[in-house]
Amino acid sequence: MNKYDCIVVGAGVGGMTAAYHLAKLGLQTLLIEKSPLPRYKPCGGGVSPIIAKYFDFDLTPAIALQVHTIRYTWKRGDGVEVNLPTAMWMVHRGQFDQFLIDHCLRQGVEVKDNTAVTGINFDSHHWQVQTTDGIFLGQYLIGADGVTGSMTQWLGLKQQRPHPGLVLEITGLEPPPPEATFEFGLLKDGYIWTFPKPDGYTICGGIFRGYQSKALHSSLINYATQEGIDLTHSHVTPHWLGLWNGDHPLHAQNALLVGEAASIADPLTAEGIRPSIWTGLKAAEAIHQSLNGDTNALATYTETIHQEWGADMMWAQRLATLIYSAPSLAYKGGIKRPQTSQLMPKILAGELRYGDIANEAIKQFSGSLIPGRGR
Ligand SMILES: Cc1cc2nc3c(=O)[nH]c(=O)nc-3n(C[C@H](O)[C@H](O)[C@H](O)COP(=O)(O)OP(=O)(O)OC[C@H]3O[C@@H](n4cnc5c(N)ncnc54)[C@H](O)[C@@H]3O)c2cc1C
């Protein structure tokens, strides 16, 4: 039986990034994915170009188009347009994920798709990973099985309750204008974001406050219809959001969690691709250090994620609480104002952290919630 230095469970962006970097660091790596690849991933596919720095190969062949303008709206009106200082990348997740898996294979990662992990067991030296295609042994294990995976629970780590999301994928259209839209007034406890693709749109909705998904489907369909978008070639897929909700340990015996298995998506915007990739990279580095004798490397991984991501997500969560509890006031008094409308693109581009703006933004939003005090 082959023994691997590391087995990565789940070939999403988090798992693929971890596997790529593990192999690059010279570790024998097995990546196990339950779906046949390429698999469909329900996701808006908007991502900051800053992710380029996490790879040593050119990502641009996998970018479907670039967006230079974003528009905020309230019930489709009261719009504000913002020119982006840095273009935002739009990816087709099928193509983008296939591009990453090709690089994993070239780097020497062994990929087993169509194979579900059904249980894990640590035998004092190795993880025994049971799958629908036999048992595999790995000295280290990475749980990258996403928001609905079982690895978090199997490793005895805390699993967050997922929030509902929905993707309406529309194809077969003329190329739309390269503009992204964030609509705040039509979906209770969440928002709707529309990302252009070369032949259509990906329209997404997410519930960030609470867990009720009843209005999601009708809200997205009504919104697209009112926008005059032809839905002849469209399909709807519900999925979950693994939003950050407090810091928790992300390491266990010879094992780490990455991506949405670790609930790292931004609780204000649902941005999850960038932090999943980043945690994948950090996990690979930590396991490499652990193999080289650093007995604290896995605990340090948890600390790094908390300090460099969790600390900022705490501010995102505070802003989300303000915005989603009084969205109309927050929109008029905060989001659409020039001082704040410029900030979100910079945060999505990874050029600004919530912590850098939180005091000012919270003052602004809080002020807007008290009639007469909005600036
Ligand atoms: C509606 C919606 C819109 C979104 N839009 C955006 C956006 O525009 N920009 C952005 O940055 N983020 C967005 N996100 C979030 C983003 O898609 C995720 O954060 C990111 O893709 C998570 O990556 P991951 O690698 O952690 O997990 P996943 O991509 O979920 O990958 C996990 C993989 O593990 C596999 N798996 C699960 N269980 C097993 C098992 N037992 N054995 C083997 N394999 C298993 C799954 O099949 C899956 O392929 C959106 C999410 C939703 C729901």
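Remember, it's a predicted structure, so these values are computed and weren't measured experimentally. Both ligands and their constituent atoms are indexed starting at 1 by order of listing.
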Visitor: Examine ligand 1 and decide if any of its atoms is less than 4.0 Å from a heavy atom belonging to L166.
Guide: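 Per 4.0 Å heavy-atom rule, L166 contacts ligand 1.
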Visitor: Between L241 and ligand 1, is there a nitrogen or oxygen pair with a distance under 3.5 Å?
Guide: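 No: no nitrogen or oxygen of L241 is under 3.5 Å from one in ligand 1.
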Visitor: To the closest 0.5 Å, what do you measure between CD1 (I51) and CG (L281)?
Guide: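 These two atoms lie 12.0 Å from each other.
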Visitor: Give yes if a backbone or side-chain nitrogen or oxygen of V9 is under 3.5 Å from a nitrogen or oxygen of ligand 1, and no if not.
Guide: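 No - when backbone and side-chain N and O of V9 are compared with those of ligand 1, no distance drops under 3.5 Å.
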Visitor: N/O of K34 under 3.5 Å from N/O of ligand 1, yes or no?
Guide: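 Yes; at least one N/O pair falls below 3.5 Å.
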Visitor: For ligand 1, which is the ligand I care about here, please tell me if G14 has any N or O atom under 3.5 Å from one of the ligand's N or O atoms.
Guide: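 Yes, there is a polar N/O contact under 3.5 Å.
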Visitor: Nearest 0.5 angstrom please: K112 NZ to E33 CD, how far?
Guide: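 Result: 13.0 Å between the selected atoms.
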Visitor: Is it the side chain, the backbone, both or neither of W240 that has a heavy atom closer than 4.0 Å to ligand 1?
Guide: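 The answer is the backbone.
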Visitor: If hydrophobic clusters are built from ILVMFWY residues whose side chains come within less than 4.5 Å, do W244 and V147 share one?
Guide: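 No, it is not one cluster - the side chains of W244 and V147 are not joined through contacts under 4.5 Å.
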Visitor: Give yes if a backbone or side-chain nitrogen or oxygen of G46 is under 3.5 Å from a nitrogen or oxygen of ligand 1, and no if not.
Guide: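 N/O-N/O distance under 3.5 Å: yes.
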Visitor: Ring centres of Y301 and H251 under 6.0 Å apart?
Guide: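 No: the rings miss the under 6.0 Å criterion.
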Visitor: How long is the span from the CG atom in N296 to the OG1 atom in T302, to the nearest 0.5 Å?
Guide: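 One finds 11.0 Å between CG of N296 and OG1 of T302.
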Visitor: Below a 4.0 angstrom heavy-atom separation, can you tell me which part of R93, side chain or backbone, both or neither, approaches ligand 1?
Guide: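 The answer is the side chain of R93.
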Visitor: Out of the candidates I229, T237, I203, only one should pair with L168 under the side chain to side chain contact (heavy atoms under 4.5 Å, CB included) rule; please name it.
Guide: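 Output: one option passes, namely I203.
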Visitor: Considering distance alone, does some N or O of R39 sit under 3.5 Å from an N or O of ligand 1?
Guide: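 Yes.
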